[in-house]
Amino acid sequence: MKDIIKDLIKDTLKKNFKDVSFDYEQIEVNLCKNKKFGDYSSNVAMKIAKKNNSEPISLAEKIKSSLEKSEQFERVEAIKPGFINFFVSENLKFLVVEKILREKEQYGKNSIGKNSKVLVEFVSANPTGPLHVGHGRGAVFGDCLSKLLEENGYEVVKEYYVNDAGKQIEILVTSVIQRYHELIDSNLNFSYEDLYKGDYIWDIAAELHRNFSSDFQILNIIDLKDPKIDLYMQRIKDALSIEKFLKIREISINAILENIKSSLRQSDINFDSWFFESSLVDDNSLIKVIDFLNQNNYTYQRDNALWFKSKDFGDEKDRVLIKENKDHTYLATDIAYHEKKIKRNFDININIWGADHHGYISRIQGAFKIFAKEKSSLNILLVQFANLFRGKEKVSMSTRSGDFITLKQLTDEVGKDAMRFFYLMRKSDQHMDFDIELAKSSNSNNPVYYVQYAHARICSIFRKLKEDKKKFNYNKNNLKNLSKEEELKIINKLSAYPDIIITSANKYEPHLITNYLRELSQEIHSYYNKHQILVEEEDLRNARLSLMEATKYVFENSGKIIGINMPDKM
RNA sequence: GCGCCUGUAGCUCAUUUGGAUAGAGCAUCGGAUUUCUAAUCCGAGGGUAGUAGGUUCGAGUCCUACCAGGCGUGCCA
């Protein structure tokens, strides 16, 4: 609808105002908050007045008079500073209902992103433990954003980057080995404190024990008293043999990835691609990328380490790529990973990171610019933390002590729908409070139920219709019977839906959809309370049922995007 | 110290890329059910948008300073 009006303005400007200069971007049309000002309004006159040396209001008047004859509008007016207000004719409004009933599941989809490939990388938590609630928000956000982009016609690949090549993995493996030896009652006295401690380490050790008995037992006597973790791990590795260490490593990573995947599955999040950091080492991309950086003067040697000149790209200081001990840093593989992303030729790359990673943006953006072709872009979106509450009590968490709530625990407790909806209710770069009690409650305080109930009520109307042995017959000529204030409000809301899909995708703000759903639900509940839908008069009844049917499609289509069910019955 | 983010009703948050009278929910108070699900609806009160300047037709939104909070600032991962 916005587009229709925009085009009308553009056409009239081109045709009737040849001496007026403007850009298409300057034609802005917005939904009016206040119905006094019509359904839509535009501020073009104010935007282009200055450039054309004329008064906004007089320009608005002129545009108004050349548009007011259009059959789309009941009335057009020009007001005070220079707004042009459009009162859309009722016939045009009813077209929305007709359109929805024709397009059904397709209503809301568009092809803005046609022929554009997008890579959305998200979660990417280290495979050293289960996903916890801190990952939940980014996971849901990334998944919903991906679906939203698909709704806009983009071709989307959802990718999880698995950090399986660094020191943290060695620590994981050592942790498993330690627990395993406790299980088989070895008299080796492990004592290292800084290892992973969660129950899942026991689970992996137990699985190892079940399948391999004591095959991985260390029989040699080794000195485990060294305070340095690198050396400590090296001794264990040597005593065990590299082959066995690698085997345990493989088993551990698989177990944890399986755990991660299953908790994602439970939340209806599915990745198209799992990219392993280790593959960058194995196929020599890492070395090649570092060579390239060296040859093109993006690095230098200092204190026996290789440094990346990230300061040139707005970073606070330069960063190490290869440490004195010859190990690469995370940054090194991250750069190689992004170089590979560029090679894979996506038009848009989106990274979704936790807000605590904001310090890395400039260095990764810098590296990306070095390798990027003109057309590809990298957008790094930050997702803020969510504080968990039980009622008024804050749930404290600390990764170090292993005292954290996993994503699985949260989903088990509040359900997938509430979990997703709550995470999506707020703008992603905004801190938020997540109240578990509220998410679990089944009353009006809980927005998930509020929305789902609105949908269920519509379904129950159709059930009742069937019980009464009546039928719903759609006839577009009936729609003019929709004259109640509440009905027109709902129609306006339905016609705004496609714009919401576009805006929320462009701004990367899926919370606009949850907001929209709450507003739509509110209007449905109001309407339901005030007016009977299954009235005796057949034409009116069918008109109202048409509206309900159309609304049902919008509930279901948007429900699919944010990934919550719309039950028929509650 | 420096850098990034945030600050809107008692609480949790919106505000459609700078628009017209800043809106919801919760909480508080008062009402609605012989009706398609009361998991609902209707009404009331509640605001110097952190503070102070600036930019312009117009600022919660953009700029500057200050105040407060969060995060970051390793040859960590």
Side-chain angles (χ1 to χ4, degrees), chain A residues 2 28 30-34 36-37 41-43 46-47 49-50 55-57 79-83 85 126 128 163 166-169 171 302-307 314-317 319-331 354-362 382 384-385 389 392 425-427 429-435 438 441-450 452-454 456-465 467-468 496 499-500 502-504 506-507 509 511-512 514-516 518-519 521-522 524-535 544 548 569-570:
Chain A
K2 276 187 195 173
E28 207 177 297
N30 282 308
L31 212 56
C32 290
K33 282 182 220 164
N34 192 332
K36 185 172 94 186
F37 299 122
S41 77
S42 178
N43 53 12
M46 289 179 284
K47 286 210 156 172
K50 204 170 205 179
E55 291 285 309
I57 184 69
I79 271 187
K80 292 182 281 185
F83 288 105
N85 296 333
N126 284 346
T128 52
N163 283 114
K167 188 161 114 186
Q168 82 287 352
I169 292 295
I171 298 176
R302 192 180 77 198
D303 302 336
N304 294 319
L306 183 71
W307 296 72
D315 202 354
E316 290 169 42
K317 50 175 283 190
R319 308 284 168 179
V320 169
L321 291 173
I322 307 288
K323 299 187 247 181
E324 193 174 0
N325 70 2
K326 303 300 166 214
D327 283 350
H328 61 262
T329 59
Y330 257 44
L331 178 62
D356 53 335
H357 286 75
H358 69 78
Y360 304 131
I361 294 179
S362 55
L382 296 180
Q384 278 293 350
F385 302 116
F389 282 81
K392 288 201 166 140
M425 267 192 314
R426 310 297 181 209
K427 217 193 240 169
D429 60 7
Q430 196 75 252
H431 296 268
M432 72 175 280
D433 289 350
F434 189 128
D435 183 348
L438 179 60
S441 67
S442 50
N443 59 47
S444 60
N445 300 0
N446 187 339
V448 186
Y449 282 88
Y450 187 76
Q452 291 179 324
Y453 184 43
R457 273 185 148 174
I458 294 175
C459 295
S460 84
I461 294 167
F462 283 95
R463 268 198 304 277
K464 181 72 166 48
L465 182 77
E467 280 167 25
D468 293 348
D499 290 330
I500 294 284
I502 294 169
T503 311
S504 52
N506 286 345
K507 295 173 79 172
E509 290 182 358
H511 79 282
L512 295 174
T514 49
N515 281 348
Y516 174 84
R518 293 171 78 175
E519 288 163 10
S521 304
Q522 206 242 316
I524 291 298
H525 286 309
S526 285
Y527 180 52
Y528 183 96
N529 269 275
K530 193 159 175 190
H531 302 288
Q532 183 82 8
I533 285 134
L534 299 179
V535 289
R544 290 183 171 174
M548 290 301 100
K569 211 174 179 176
M570 292 176 76

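In this text the structure is predicted, and so the values were computed from the model without any measurement. Order of the sequence lines fixes the chain letters, A, B, ..., with proteins taken first and strands second; residue numbering starts at 1 for each chain.
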| query | Can A:Y450 be called stacked on B:A39 when the rule is centres closer than 5.5 Å and an angle between planes below 30°? | reply | no
| query | Between B:U15, B:A20, B:C36, which nucleotide has the shortest distance from any of its atoms to the side chain of A:K464? | reply | B:C36
| query | Has A:Q430 got a side-chain N or O lying under 4.0 Å from the OP1 or OP2 atom of B:A14? | reply | yes
| message | Set out, in order, the CA-CA distance, both residues' side-chain angles and the distance that settles side chain to side chain contact (heavy atoms under 4.5 Å, CB included) for A:I171 and A:T128, then state yes or no. | response | CA-CA 9 Å; A:I171 298 176; A:T128 52; over 6 Å; no
| request: If B:G10 has a Watson-Crick or G-U wobble mate with both distances under 3.5 Å, name it; if not, just say none. | output: B:C26
| note | Which of B:U16, B:A14, B:C36 is nearest the side chain of A:I533? It is B:C36
| task | Choose from B:U21, B:U35, B:C41 the nucleotide whose nearest atom is closest to any side-chain atom of A:Q522. | result | B:C41
| Proximal nucleotide (of B:C36, B:C57, B:U17) relative to the A:M46 side chain | B:C57
| said: Which nucleotide wins on minimum distance to the side chain of A:E509, given the candidates B:U73, B:C71, B:U15? | reply: B:U15
| query | With no angle test and no hydrogens, is the base of B:U21 tied to the side chain of A:K36 by a donor-acceptor pair under 3.5 Å? | reply | yes
| Whole-Å distance between B:U16 P and A:K507 NZ? | 6 Å
| Does A:N446 use its side chain to pair, donor to acceptor, with the backbone of A:L438 at less than 3.5 Å? | yes
| field | Taking every non-hydrogen atom, the tightest pair across A:L31 and A:A496 | value | CD2-CB, 3.9 Å
| Under a 3.5 Å cut-off for both distances, is B:A59 Watson-Crick or wobble paired, and to whom? | none
| message | Rounding to an integer number of Å, can you tell me how far A:L438 CG sits from B:U12 P? | response | 13 Å
| At under 4.0 Å between heavy atoms, what does A:R544 touch on the DNA or RNA strands: base, sugar-phosphate, or nothing? | nothing
| field | From B:C75, B:U16, B:C36, nucleotide with atom closest to A:N30 side chain | value | B:U16
| task | Ignoring hydrogens and angles, tell me if any N or O in the side chain of A:T329 forms a donor-acceptor pair with the backbone of A:V320 under 3.5 Å. | result | yes
| task | Sticking with atom P, work out how far B:G60 lies from B:A22, rounded to a whole angstrom. | result | 9 Å
| Test side chain to side chain contact (heavy atoms under 4.5 Å, CB included) applied to A:V535 and A:R544, step by step | CA-CA 9 Å; A:V535 289; A:R544 290 183 171 174; 3.9 Å; yes
| remark: By the Watson-Crick or G-U definition, both distances under 3.5 Å, B:U17 is matched with none
| said: Under 3.5 Å for both donor-acceptor distances, Watson-Crick or wobble: does B:C4 have a partner, and if so which one? | reply: B:G70
| said: Taking 5.5 Å and 30° as the limits, would you call A:F83 and the base of B:G19 a stacked pair? | reply: no
| said: Any donor-acceptor pair, under 3.5 Å, between the side chain of A:H358 and the base of B:C5, if you only look at N and O atoms? | reply: no
| message | Under a 3.5 Å cut-off for both contacts, is B:C41 paired Watson-Crick or G-U wobble with anything, and if yes, with which nucleotide? | response | B:G31
| Does any nucleotide pair with B:A65 by Watson-Crick or G-U wobble geometry, both distances under 3.5 Å, and what is it? | B:U51
| remark: Of the listed B:G3, B:C41, B:A20, the closest approach to the A:E316 side chain comes from B:G3
